[in-house]
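Residue indices begin at 1 and follow the sequence shown.
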Amino acid sequence: MIKVGLFFGLFFVYFTAKAQYSVEIDLGDQKSYLLYDGRAVMESPISTGRYGHLTPTGSYRITDKDLNHTSSIYGKIIDRSGRTVVADADVDMIVPAGTRFVNAPMRYFMQFAPGIGMHAGYLPGYPASHGCVRMPETKAIAFFQALSPGTPVNVFGTTPRGRLYQADYPAGSTRENAEPYQRPHRSFWDFLGL
């Protein structure tokens, strides 16, 4: 009886381990999906690489994770009192006297391609990163906790060119700038022409 129970216990653990998480990143819709055993369990808005720094498409796997990662290339230049002098700086820029370069924080970093990963960051409502996939912090935390090295990541679609793509404006905006352009929703049947 003990052998039978042990067998079924190992059988359950084996097949439970086969059910796994994966990630789908849709560049066109600027959304990321956390899937468990092929079913979406979470959706997140994202900001991917802008033109000149596009997020690469293809099939990848999470290679490593870093809770408090910082960019080795990008950041900002601040003065002695902490005020930003250059917001979109890189390590090759000349740093004026009395200022210093501060590496950009990329908390909850999940690398899936060389130098490219998902992480918590600012979402302006359009592709704006240097190739990484920015997510709201709460979503980045959830993805970070669920994913492990080896988790499949599929990046597909075409990066939109419009800067006002699904932009979220703060409360109190005027009517002129409070209605962002949103792409019309297309169903699966629209793609088939039905």
Pair up each side-chain donor or acceptor in residues 91-110 with any protein partner under 3.5 Å, not counting sequence neighbours, and list the distances.
{"unit_1": "Thr99", "atom_1": "OG1", "unit_2": "Pro96", "atom_2": "O", "d": "2.5"}
{"unit_1": "Asn103", "atom_1": "ND2", "unit_2": "Ser71", "atom_2": "O", "d": "2.7"}
{"unit_1": "Arg107", "atom_1": "NH1", "unit_2": "Asn68", "atom_2": "OD1", "d": "2.1"}

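- The shortest side-chain heavy-atom distance between Ser59 and Val153 does not fall under the 4.5 Å cut-off.
- Between the side chain of Tyr126 and the backbone N or O of Leu123 there is no donor-acceptor pair closer than 3.5 Å.
- In terms of modelled atom types and a separation under 3.5 Å, the side chain of Ser22 and the main chain of Pro152 share no donor-acceptor contact.
- Relative to the ring axis of Tyr51, Arg161 places its NZ or CZ within 45° and under 6.0 Å from the centre.
- Ring orientation note: the planes of His130 and Tyr74 are close to parallel, at an angle under 30° on the 30°/60° scale.
- Put simply, the side chain of Phe112 does not reach to within 4.5 Å of the side chain of Thr63, judged on heavy atoms.
- Formation of a donor-acceptor pair under 3.5 Å by the Asp26 side chain with backbone atoms of Gln30 is not found in this model.
- Side-chain atoms of Ile46 and Ile25, non-hydrogen and from C-beta on, do get closer than 4.5 Å to each other.
- Side-chain contact between Leu27 and Thr57 is present, with heavy atoms from C-beta onward closer than 4.5 Å.
- Within the model, atoms CD of Gln145 and NZ of Lys65 stand 8.0 Å from one another, a figure rounded to the nearest 0.5 Å.
- Within the 3.5 Å criterion, the main-chain N or O of Tyr122 finds a donor-acceptor partner in the side chain of Arg134.
- For the residue pair Ser32/Glu24, the side-chain donor-acceptor check at 3.5 Å is not satisfied.
- Counting heavy atoms from C-beta outward, Ser129 and Arg50 have side chains that stay 4.5 Å or more apart.
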